[in-house]
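Excluded from the calculations below are hydrogen atoms, water molecules and symmetry mates; all remaining heavy atoms, backbone and side chain alike, are included. Atoms within a ligand are numbered from 1 in the order they appear, just like the ligands themselves. Here the structure is a predicted model, which is why all the values come from computation and not from measurement. When a residue number appears, it is its place in the shown sequence, counting from 1.
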Amino acid sequence: MKVYPIHAILKSPLAVRRDRQSNRSHAADAVVGTVLRGALAHLYLEQKGDADETFQRLFLDDSTCRFPPLDPGEGVLPTTAIACKRRPGFVAEDLAHGMADQLWPRIADSVARSPTVRDLLSSGRQCNHLLRGVKCGADMKNLDGFYRHSGNGSYRRAQLRTVVATHVGIDRVSHTAADEILFSIEAFAPQQLGEKATEGKPTVLYGRLEAEDDVAAELRNLLTEEQGILYLGHARTRGYGRARLTIGEPMANQDPYAGWQEWSDGLAKYLAEIGAGGLDGEPFFFSLSLPNGAILVDALLRYTLDLAAMVDWLPPLPDPCQMDHVLDLPPQSLEGGGTIRCLTAVTGHERIRGWNAAHGLPRQDEWGVTRGAVYAYSFEGTAEQRIRLLGRLETLTTAGTGLRLNEGFGRVVVSDPFHMTFLKQERTT
Ligand SMILES: [Zn+2]
């Protein structure tokens with residue numbers, strides 16, 4: 001499968017339904033892959049009338065097509081991202097005190113045995129931004145959401161303006177306003193405000209579609225028939241969710257190995273610098289991130305947060321009560337040589353809800369892994385064994401993990417450069 005960047009320009013407000021049970025405030029501020037797949041499948045049935053073999057290939061086979069979530073930005077902030085409690089955000093944003101990432105310090109924390117390293121790490125939880133020569137000093141808090149790269153290499157959070165519209169219920173018998181029925185719909189505004197009131201920009205949502213060539217061509221044909229217009233989300237009969245969807249040209253394949261090695265070397269250097277050694281030999285470090293979240297189940301089909309339940313060569317997460325003693329646990333041996341340990345993980349559950357259009361009923365809730373979850377591991381072995389590990393990692397990035405892959409869940413990113421770039425809090429001065 002190739003990766004196709006896609007974007008949707010909103011032509012009317014897009015209703016977003018938040019999950020009140022979610023513990024991450026922005027978790028629902030995106031259109032899940034399930035909704036995109038449903039909208040395109042609806043187009044297909046309208047145009048062709050029948051769920052034939054091509055329909056199966058387009059919408060039901062995760063080895064030929066995977067529909068991504070549509071997000072306000074190209075990137076999802078990892079669960080390890082932190083920012084000043086008083087002025088959160090990247091430095092490129094107005095008045096923000098800069099972003100930092102806690103993955104590497106957390107790894108240092110789990111492998112170090114000396115208390116001095118601990119003190120060093122807790123100081124990273126205070127904002128280092130200088131205000132007229134004085135350190136801000138406010139707490140750094142976890143920050144979730146999405147980000148966008150701008151042309152000059154800087155990052156910005158991507159937040160969309162939402163609007164709330166109040167509607168009057170209509171009596172089904174009399175077709176007049178119903179008594180005591182008033183409801184409101186929260187939606188992404190089709191226009192974002194510019195610097196001046198007259199400079200509104202259209203709202204754009206981003207995604208990355210994975211598809212075979214013929215599948216992408218077929219999806220493009222479906223859209224061309226409708227001049228690219230698609231209806232997404234809830235309240236479509238009230239005019240919500242009209243969007244123009246474009247499937248771009250496939251992205252070029254890049255050799256990932258160099259980046260992974262740089263990440264591992266960078267982390268080894270950082271650990272040596274702060275005196276948080278403790279791992280024998282020259283381990284190869286890597287992290288696994290789940291930017292789209294995932295639905296992981298164990299052998300008994302119970303929901304789990306542990307990647308090891310689905311990827312048999314990964315070691316299980318350490319017992320959270322014994323996080324201090326990661327190095328005292330025996331590492332797991334890999335088939336084909338070498339050993340591997342789980343160093344740390346920042347993950348959480350997210351309830352995944354859905355609607356089954358064919359049955360006209362809500363889908364059963366599932367408990368998935370939250371978007372942006374991160375897991376970190378170290379590997380010990382000979383150069384040859386390491387090459388075998390890299391092969392395994394590459395397979396994991398193309399295959400993904402968990403259930404409902406063609407709705408965008410379970411995409412895996414190895415050694416996200418975000419953790420390296422934001423190791424130190426960004427400086428505004
Ligand atoms: Zn601050």
Side-chain angles (χ1 to χ4, degrees), residues 22-30 71-110 112 115-162 192-195 263 266-267 269-271 273-276 287 289 291 344-348 370-374 376 416-429:
S22 173
N23 49 6
R24 300 189 80 207
S25 56
H26 297 289
D29 287 358
D71 298 331
E74 295 109 334
V76 179
L77 286 174
T79 43
T80 46
I82 54 170
C84 177
K85 176 179 157 186
R86 281 200 279 163
R87 297 280 185 199
F90 292 99
V91 287
E93 298 167 42
D94 277 351
L95 299 174
H97 284 182
M99 191 71 85
D101 185 86
Q102 284 269 291
L103 183 67
W104 286 14
R106 285 185 76 103
I107 293 173
D109 190 55
S110 67
T116 47
V117 173
R118 293 287 160 89
D119 295 344
L120 198 79
L121 296 170
S122 57
S123 70
R125 300 285 302 191
Q126 250 99 54
C127 178
N128 285 317
H129 176 76
L130 292 175
L131 282 166
R132 292 180 213 93
V134 184
K135 219 164 96 169
C136 161
D139 284 350
M140 299 284 280
K141 293 278 184 196
N142 286 78
L143 194 67
D144 56 36
F146 304 92
Y147 63 84
R148 214 173 275 169
H149 297 281
S150 30
N152 55 5
S154 68
Y155 291 67
R156 276 167 182 279
R157 269 180 308 156
Q159 290 167 308
L160 294 184
R161 191 168 71 94
T162 52
Q192 300 299 310
L193 298 179
E195 310 247 302
W263 197 95
L267 175 53
K269 192 163 158 254
Y270 165 71
L271 292 179
E273 264 170 21
I274 64 166
S287 72
S289 317
T344 187
V346 184
T347 179
T370 193
R371 297 191 69 178
V374 192
D416 185 352
F418 188 95
H419 306 297
M420 189 157 58
T421 311
F422 295 98
L423 170 62
K424 298 259 154 61
Q425 188 185 350
E426 291 176 290
R427 294 275 174 172
T428 41
T429 45

Inset, instruction - Please lay out, stage by stage, how L131 and H129 fare under the test side-chain contact (heavy atoms from CB on, under 4.5 Å). - result: CA-CA 6 Å; L131 282 166; H129 176 76; 3.9 Å; yes
Legend entry - Residue pair I107 / A376: nearest heavy atoms and the distance that separates them: CD1-CB, 3.6 Å
Legend entry - Any C127 side-chain heavy atom under 4.5 Å of Q425 side chain: yes
Legend entry - Side chain to side chain, L130 and K135, heavy atoms closer than 4.5 Å: yes
Inset, instruction - With sequence neighbours left out, write down each residue that passes salt bridge (Lys or Arg N to Asp or Glu O under 4.0 Å) with D101, or none if nothing qualifies. - result: none
Inset, instruction - Please test T421 against E426 for side-chain contact (heavy atoms from CB on, under 4.5 Å), starting from the C-alpha separation and ending with a verdict. - result: CA-CA 9 Å; T421 311; E426 291 176 290; over 6 Å; no
Inset, instruction - Give me the protein N, O or S atoms that fall under 2.8 Å of the Zn ion (ligand 1), sorted by chain and residue number. - result: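 For the Zn ion (ligand 1), the protein N, O and S atoms that sit under 2.8 Å away are C84 SG, H97 ND1, C127 SG, C136 SG.
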